There are 2 protein chains.
Amino acid sequence: MDGEREHLAGYDPRAYDPVAVTVDVVALTIRDGALHVLLVRRGAPPYAGRWALPGGFVHAVRDAEDLPAAAVRELAEETGLSARDGMLGRVHLEQLGTYGAPGRDPRMRVISVAYLAFAPALPDPEAGGDAADAAWTPVTAARDLAFDHARILGDGLERARGKLEYTPLATAFCAPEFTIPELRAVYETVWGEELHAGNFHRKVLSVPGFVEPTGTTADRGGRKGGPRPRLYRAGDARLLHPALLRPGREQYR
Amino acid sequence: MDGEREHLAGYDPRAYDPVAVTVDVVALTIRDGALHVLLVRRGAPPYAGRWALPGGFVHAVRDAEDLPAAAVRELAEETGLSARDGMLGRVHLEQLGTYGAPGRDPRMRVISVAYLAFAPALPDPEAGGDAADAAWTPVTAARDLAFDHARILGDGLERARGKLEYTPLATAFCAPEFTIPELRAVYETVWGEELHAGNFHRKVLSVPGFVEPTGTTADRGGRKGGPRPRLYRAGDARLLHPALLRPGREQYR
DNA sequence: GAAATAGTGTCTTTCAGACAATATCCC
DNA sequence: GGGATATTGTCTGAAAGACACTATTTC
């Protein structure tokens, strides 16, 4: 049963089980106060015409690229943005997980390495590469996705909710300078819960390295009134201590 | 630049970049009060004679298996234990991450999906499969590993330390029935820090669903005296609320 | 002017950690 | 018996959440 595995040295993958490796990206951003995910419409079967996560094959041998580089490349191709114009430079990217169940692609065995991206507000994508269309889509409207992408998206959302608790990555959804109410809106959007403005404000400022003041204030106050909030930049903390725990999770058993 | 990616439908991986997919397992256990990792000694080049994490190729097409199944199979083959004798049934297994940097395997492009396992005390492994030797090794003595396995092991240890904070998985290192002092020893071993016995005891009992009493006590007290501690089983909680935070991490910036 | 919002103050409850006390058991 | 250990009790400080209050801005 193992004999075929014992000869790694002389192993030729072309003579062995054919496997394809892809990267898929769950790219999240906040638009109009709602959490959006970047989707592309497939132009070819299977699942032609269906929405899917942006992704594609890893350049494995020719122009061999690392996995994160492949994710950045796919993201850049689908959004029409380049990593060099500074827009993608502020995008947070981390590995989400690998999905390789037999049958997840009807044609052959495909192992997909999924990445999770947090992006500030970006322009509408231009469909490129192998996509017939591309759009930022509210996560509540992301249904009937191709392959197992619904599960990958779900895992990405759950990861994002947790990440906001103990890392300062909520700032990755904001412009370089932002206000505490804007940061609170990010938390409320991702968690789907309203937070107490006063307590949130004090809490953010009490965590060392979360945000640092710019000394300036925003151009105007809230939409229906109120004083002009102060502006902040992301601090140098990589973890939040103490963490910003999500409310209402006492009953987890 | 993308033309070659646009024809997924008719794609034949044998004609494309050859990629191999493996699973590697970071299997941790506690022996003699020290954290140990399961290592195998490679019998063939590259890295012949060097210690490495147990792992091997995913059965991708013939007898196609899911990734977790491949990890369980490799673990069973290398330890000589079967999933059916109950020993591996109590092992916790989760995906750790995927490592696919070009050049990490000198022969060809290999994408490795790493898994992390927490095991109770198990017998010594019997070298099987493609391993010349296999042994539980103290993590402090795990040096000069093959490939990028040192980095994978380091990531696994960091993940394990974090998991103990907010999940009840420390119980996965224990026998089905265990005492609070034994559980404390797990935390102290994985975290490398001494914990206050009294506060730890009260804390564990205060987290709902962490442990549940059996109503019995251990055969004997501590090694140098003391009353017989009570026995507990793992509870039904999947997350610890509130969490058991690692001490001494205030200065994280 | 009315209403909404930013930011601060205060109080209560919970929890982490230091320390103490007591009962039990190994050697 | 002596020393170590399990378990419980007490106290202090940090932190979360509820609520109140003031100043500022938009419409």
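Nothing here was measured: the structure is a model prediction, and the numbers come from that model. Throughout, a chain's letter reflects where its sequence line sits, starting with A, and its residues are numbered from 1.
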Seminar exercise, completed: Atom CG of Leu195(A) and atom P of dC19(D) are separated, to the nearest Å, by 16 Å

Problem set entry | Rounded distance (Å) that lies between atom C1' of dG17(D) and atom CG of Leu244(A) | 13 Å

Exercise. Can Tyr99(A) and Asp155(A) be counted as having a side-chain donor-acceptor contact under 3.5 angstrom?
Worked result: yes

Exercise. For the pair made of CG in Asp219(A) and P in dT25(D), what is the distance, rounded to whole Å?
Worked result: 13 Å

Exercise. Do Phe178(A) and Tyr232(A) have their ring centres less than 6.0 Å from each other?
Worked result: no

Problem set entry | Glu158(B)/Arg246(B) ion pair, N-O < 4.0 Å | yes

For this session: Check every strand shown and say whether Ala218(A) touches a base, only sugar-phosphate, or nothing at a heavy-atom separation below 4.0 Å.
Result: nothing

Exercise. Rounding to a whole Å, what distance do you find between Leu245(A):CG and dG17(D):P?
Worked result: 7 Å

For this session: Treat primed atoms plus P, OP1 and OP2 as sugar-phosphate and everything else as base, then score nucleotides 4-10 of chain D 5' to 3': B for base contact with protein heavy atoms under 4.0 Å, S for sugar-phosphate contact only, - for none.
Result: BBSBBBB

Seminar exercise, completed: Hits for side-chain contact (heavy atoms from CB on, under 4.5 Å) against Ala119(B), two or more places apart or cross-chain, chain-then-number order -> Thr29(B), Val91(B), Leu122(B)

Exercise. Can you list the residues that meet the side-chain contact (heavy atoms from CB on, under 4.5 Å) rule with Ala175(A), with sequence neighbours excluded?
Worked result: none

For this session: Determine, for Arg104(B) against Asp66(A), whether the closest basic-nitrogen to carboxylate-oxygen distance falls under 4.0 angstrom.
Result: no

